[in-house]
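This report refers to the structure that appears directly beneath it.
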Amino acid sequence: MSNTIQAKLQGIRGMPDVLPGEAEFWELFEEAVRSWLKSYGYRPIRMPIVEPTPLFKRAIGEVTDIVEKEMYSFVDSLNGELLTLRPEGTAGCVRAVIQHNLIAQQPQRLYYIGQMFRHERPQKGRYRQFHQVGVEALGFSGPDIDAEMILMGARLWDDLGLEGIKLQLNTLGQPEERARHRAELIAYFEQHQDVLDEDAKRRLHTNPLRILDSKNPAMQPIILGAPKLIDFLGEASLEHFNAVQQVLRDAGLPFEINPRLVRGLDYYNLTVFEWVTDRLGAQGTVCAGGRYDGLIGQLGGKPAPACGFAMGVERLVSLIRDAGGEPLPAGTDVYVVHQGEAAARMAFRVAEGLRDNGVDVVLHCGGGSFKSQMKKADSSGAMFAVIIGDDEVAAGEVSLKPMRDEGDEQKRVKIDDLADAIMNTMLDCDEEEEA
RNA sequence: GCGGCAUUAGCUCAGUCGGUAGAGCACUGGAUUGUGAUUCCAGGUGUCACCGGUUCGAUCCCGGUAUGUCGCCCCA
């Protein structure tokens, strides 16, 4: 033993492991999400987790919290490149779309699922490594795709059995409209400097729009009296916003217009939306997005409109668990118990033979008493134990013991008949359940 | 990044007014040397998160650190 104190090896703060038991909920969620995306015609795309740092600075905005203080950036010591672990997915997706000319011929509906990284103080529902489902529709200009994306959300919450997720909607207008509003806003807040808190003063000339999102009670009166963006919107912007709302009303989807809804990333324009819940404490947003018509051009592509949103997987899985969702069953169909050398060899043949027939099998490994093997067969959740000992080997048979059905008795079955015997019993059970 | 609270067995938690600790569940073995889930019996040496301070003595008091959690900030 050395005298050095060995630091306990542990994962990085804010980057939790997802263990069996919870991971099954993730798989349930991912399966539901993939089938939902397919039903809307979205296709998968996979980008690297690491991108050149300038990509995020240009896409997200230099003065955002993400770029200012939350990015995991580092120098690639082998060639001096400045790289960053992606803090969000849209920038990388757009980069890939530009690089491979994906929307040269036609618009694309794309999605990805994966981890993102932001150096924030961890909390429930907020982690330094977290996962998002990103959904992007590139090359679409009309309000129809915005509305469809919002309707998609409503369907997913329904598919997942989630209640109490509410829609908030806003429009940010076009850059020139925002610029005029911004100038008025700065002028207005400058007249009320004495009321502004430190954070607001800092933002006054960098990102005044976000002062509107402040929760500081002392500032609420002047925020309420501030120039409203909607008064600066032109005909086209208003029409776009109205058209989105019209589809939502036609679909009977309730929403709240929240003029203070300001997305944290700079690339948005026109429609922005958030799905929020009050069941997750301070982290209420489970899904958010909007239109980003300028981003593709801003990143060097041929200018094209686009719209997208992202969901927080940790937050949604947490909601699913709280709602009493059932994870995918972790059990197996058959657990093979065996005693003796000849039986062990036969057990492999039996197990593989069952798998050839589509039966899930756990083969007991690691020896142990017969009793302990039966206990493991029970706790595995298997419908059947297949028991192989000297008697069975000699007869070329196995003993098939139903573990869940009180009425059924253990019986001897020829190896060739085993798969059929199991399948027939399982089918009977399914029919009984359906009846 | 700031503030509050927490951290004791694999899990959920008691407890020690400072004298190095317990329960339930789980797990393992046995009663039953080929039959689980029920029953009974047996099985705990756990750096009481880590580092330091006070003390004859610290799991307990104090300080720091780490991690979690709640809120702020921000966001998915």
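In what follows, chains carry the letters A, B, and so on, assigned in the order in which the sequence lines appear, proteins first and then strands, with residues in each chain numbered from 1. Just so we're clear, the structure is a prediction, and the values are computed from it rather than from any experiment.
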Open item on the list: Distance check needed: B:A37 C1' versus A:Lys401 NZ, whole Å only.
Closed with: 10 Å
- [ ] Could you let me know what B:A23 is paired to, Watson-Crick or G-U wobble, both distances under 3.5 Å, or none if it's on its own?
- [x] B:U12
- [ ] Could you walk me through whether A:Asp416 and A:Lys414 pass salt bridge (charged side-chain N to carboxylate O under 4.0 Å, His left out), step by step?
- [x] CA-CA 5 Å; A:Asp416 290 342; A:Lys414 291 204 176 308; over 6 Å; no
Task: Span that lies between the C1' atom of B:A6 and that of B:C50, in whole angstrom - done: 15 Å
Open item on the list: Let's test this: given Watson-Crick or G-U wobble pairing with both distances under 3.5 Å, identify the partner of B:U47.
Closed with: none
TODO: Both distances under 3.5 Å, Watson-Crick or G-U wobble: report the partner of B:U33, or none.
DONE: none
Task: Donor-acceptor pair present, A:Gln373 side chain and B:U35 base, under 3.5 Å - done: no
Open item on the list: Output one letter per nucleotide in nucleotides 1-6 of chain B: B when a protein non-hydrogen atom lies under 4.0 Å from the base, S when only the sugar-phosphate is that close, - when neither is.
Closed with: BBB---
- [ ] Write down the distance separating the C1' atoms in B:C60 and B:U20, rounded off to the nearest Å.
- [x] 11 Å
- [ ] Report the distance from atom OH of A:Tyr335 to atom P of B:U35, rounded to the nearest whole Å.
- [x] 17 Å
Open item on the list: Can you check the distance between B:C61 and B:C75, where both ends of the measurement are the P atom (answer in whole Å)?
Closed with: 40 Å
Task: Among B:U35, B:C74, B:A66, the one nearest A:Gln10 by side-chain distance - done: B:A66
Task: Pair assignment for B:G18, Watson-Crick or G-U wobble, requiring both distances under 3.5 Å - done: none
Open item on the list: Can you tell me the base-pairing partner of B:U38? Count Watson-Crick or G-U wobble geometry only, both distances below 3.5 Å, and say none if there is no partner.
Closed with: none
Open item on the list: Tell me which nucleotide, if any, is Watson-Crick or G-U wobble paired with B:A6 when both distances must be under 3.5 Å.
Closed with: B:U67
TODO: Give the minimum heavy-atom separation between A:Glu68 and A:Glu62, together with the two atoms involved.
DONE: CG-O, 3.5 Å
Task: Any-strand Watson-Crick or G-U partner of B:C72, both distances under 3.5 Å - done: B:G1
Task: Options B:G29, B:U69, B:G34, nucleotide nearest the side-chain atoms of A:Tyr127 - done: B:U69
Task: Position toward the 5' end of RNA chain B (nearest nucleotide), A:Ala310 or A:Lys376 - done: A:Lys376
Open item on the list: What's the gap between B:U12 and B:G3 when it is taken at their P atoms, as a whole Å value?
Closed with: 28 Å
Task: Euclidean distance, A:Arg118 CZ relative to A:Tyr72 OH, rounded to 0.5 Å - done: 12.0 Å
Task: Protein-nucleotide distance (A:Gln132, atom CD; B:A76, atom P), rounded to Å - done: 7 Å
Open item on the list: Just verifying a value: how many Å separate A:Gln132 CD and A:Met311 CE, rounded to the nearest 0.5 Å?
Closed with: 9.5 Å
Task: Test item: A:His338 side-chain N/O and A:His364 main-chain N/O as donor-acceptor pair under 3.5 Å - done: yes
Open item on the list: Please determine whether a side-chain nitrogen or oxygen atom of A:Lys124 lies at a distance below 4.0 Å from atom OP1 or OP2 of B:C75.
Closed with: no
Open item on the list: Quick check for you: among B:G34, B:A31, B:A37, whose closest atom lies nearest to any side-chain atom of A:Lys371?
Closed with: B:A31
TODO: Could you grab the distance from atom CZ of A:Phe384 to atom CD1 of A:Ile422, nearest 0.5 Å is fine?
DONE: 6.0 Å
- [ ] Let me know, please, whether A:Ile12 or A:Ser379 comes out on the 5' side of the other along RNA chain B by nearest nucleotide.
- [x] A:Ser379
Open item on the list: Which nucleotide wins on minimum distance to the side chain of A:Thr285, given the candidates B:G36, B:G34, B:A76?
Closed with: B:A76
Open item on the list: Say we look at B:G18 and B:G52: how far apart would their P atoms be, to the nearest angstrom?
Closed with: 23 Å
- [ ] Provide the distance between the two C1' atoms, one in B:U69 and one in B:A9, to the nearest whole Å.
- [x] 22 Å
TODO: Could you label the plane-to-plane angle of the A:Tyr40 and A:Trp36 rings as parallel, tilted or perpendicular, counting under 30° as parallel and over 60° as perpendicular?
DONE: perpendicular
Open item on the list: For A:Thr84, give me all partners under side-chain hydrogen bond (donor to acceptor under 3.5 Å, both in side chains), at least two apart in sequence or on another chain.
Closed with: A:Thr53, A:Ser73
Task: Check: A:Asn357 side chain, A:Ala419 main-chain N or O, donor-acceptor pair, under 3.5 Å - done: no
Task: Span that lies between the P atom of B:A23 and that of B:G34, in whole angstrom - done: 34 Å
Open item on the list: Could you tell me how far B:U32 sits from B:U38 if I compare only their C1' atoms? Round to whole Å.
Closed with: 15 Å
- [ ] Could you check how far CE of A:Met374 sits from C1' of B:G34, rounded to whole Å?
- [x] 9 Å
